[in-house]
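Given the structure is predicted, the values throughout are model-derived calculations rather than measurements.
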Amino acid sequence: MTAILNAAQKSIQNKLDLIAALGPMAAAGNQAAGEQIRQITLALIPESAQGAANKFQAIAEVFAELGAAAPSDYSELSDEELAGAFQFVTTAAKYLAELEAEVSKIKLPL
């Protein structure tokens, strides 16, 4: 991995690496490895979700700014900037339905 990871990303990556290492043992019937994977997963979900929430919040701020602009505001953008903004909103639209479908599957007793 060439990117420098912050502490939270490194923690998540370490957990994913450990799950990958334990996977074959669990698949071979090692119940202790399976239980360890479960415990790591239990810790990984909230840790990953918090990181994602922070990123989604930053992305939402970009959407809010783009949505608050008038069409005339976009006429001031260069062709490259306009293409970038358009690519951003179309890429997001492509994945929003998929994310919404996944969210509808989550049933938390919290």
Side-chain angles (χ1 to χ4, degrees):
M1 184 171 276
T2 59
I4 297 173
L5 299 178
N6 66 33
Q9 292 168 325
K10 186 159 181 58
S11 173
I12 290 168
Q13 187 59 53
N14 288 343
K15 287 177 178 69
L16 293 173
D17 291 346
L18 188 52
I19 288 171
L22 292 168
M25 289 183 271
N30 184 321
Q31 291 180 345
E35 182 55 32
Q36 194 169 4
I37 288 172
R38 179 173 173 73
Q39 294 305 313
I40 295 166
T41 302
L42 292 173
L44 190 57
I45 292 170
E47 185 176 359
S48 297
Q50 184 58 54
N54 294 339
K55 289 180 189 256
F56 278 119
Q57 185 175 18
I59 292 169
E61 290 171 11
V62 173
F63 275 116
E65 187 174 331
L66 291 172
S72 60
D73 295 328
Y74 290 104
S75 66
E76 298 173 14
L77 297 178
S78 69
D79 289 346
E80 186 177 295
E81 292 168 326
L82 185 61
F86 183 75
Q87 181 67 40
F88 174 71
V89 296
T90 56
T91 298
K94 202 165 50 170
Y95 293 104
L96 281 174
E98 189 175 330
L99 286 170
E100 287 176 333
E102 292 302 316
V103 166
S104 71
K105 296 176 187 176
I106 298 172
K107 306 289 187 245
L108 296 177
L110 304 176

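- Under the 4.5 Å side-chain criterion, counting only non-hydrogen atoms from C-beta, Lys94 is not in contact with Thr90.
- Clustering of Ile, Leu, Val, Met, Phe, Trp and Tyr side chains at separations under 4.5 Å places Leu77 together with Ile59, Val62, Phe63, Leu66, Tyr74, Leu82, Phe88, Val89.
- For Thr91, the side-chain hydrogen bond (donor to acceptor under 3.5 Å, both in side chains) partners at least two apart in sequence or on another chain are Gln87.
- Counting only residues at least two apart or on different chains, the salt bridge (Lys or Arg N to Asp or Glu O under 4.0 Å) pairs with a member in residues 45-73 are Lys15-Glu47.
- Every side-chain hydrogen bond (donor to acceptor under 3.5 Å, both in side chains) that Asn54 has, sequence neighbours left out, goes to Gln50.
- The hydrophobic side chain of Leu96 is isolated, with no ILVMFWY side chain under 4.5 Å apart from it.
- A salt bridge (Lys or Arg N to Asp or Glu O under 4.0 Å) check over residues 96-108, counting only residues at least two apart or in different chains, returns the pairs Glu102-Lys105.
- Remark: Ser104 engages no residue in a side-chain hydrogen bond (donor to acceptor under 3.5 Å, both in side chains) (not counting sequence neighbours).
- By the 6.0 Å contact criterion, CD on Glu80 is open, its count of non-hydrogen atoms from other residues, nucleotides or ligands being 12 or less.
- Annotation for Ile19: hydrophobic cluster partners, listed by chain and number, are Ile12, Leu16, Leu18, Leu22, Met25, Ile37, Ile40, Leu44 (ILVMFWY side-chain heavy atoms under 4.5 Å, direct or chained).
- Considering all non-hydrogen atoms of both residues, Ala33 and Ala26 come closest at CB-N, 3.8 Å.
- Among residues at least two apart or in separate chains, there is no salt bridge (Lys or Arg N to Asp or Glu O under 4.0 Å) pair with a member in residues 27-44.
- Through chains of ILVMFWY side-chain contacts below 4.5 Å, Phe56 is grouped with Leu99.
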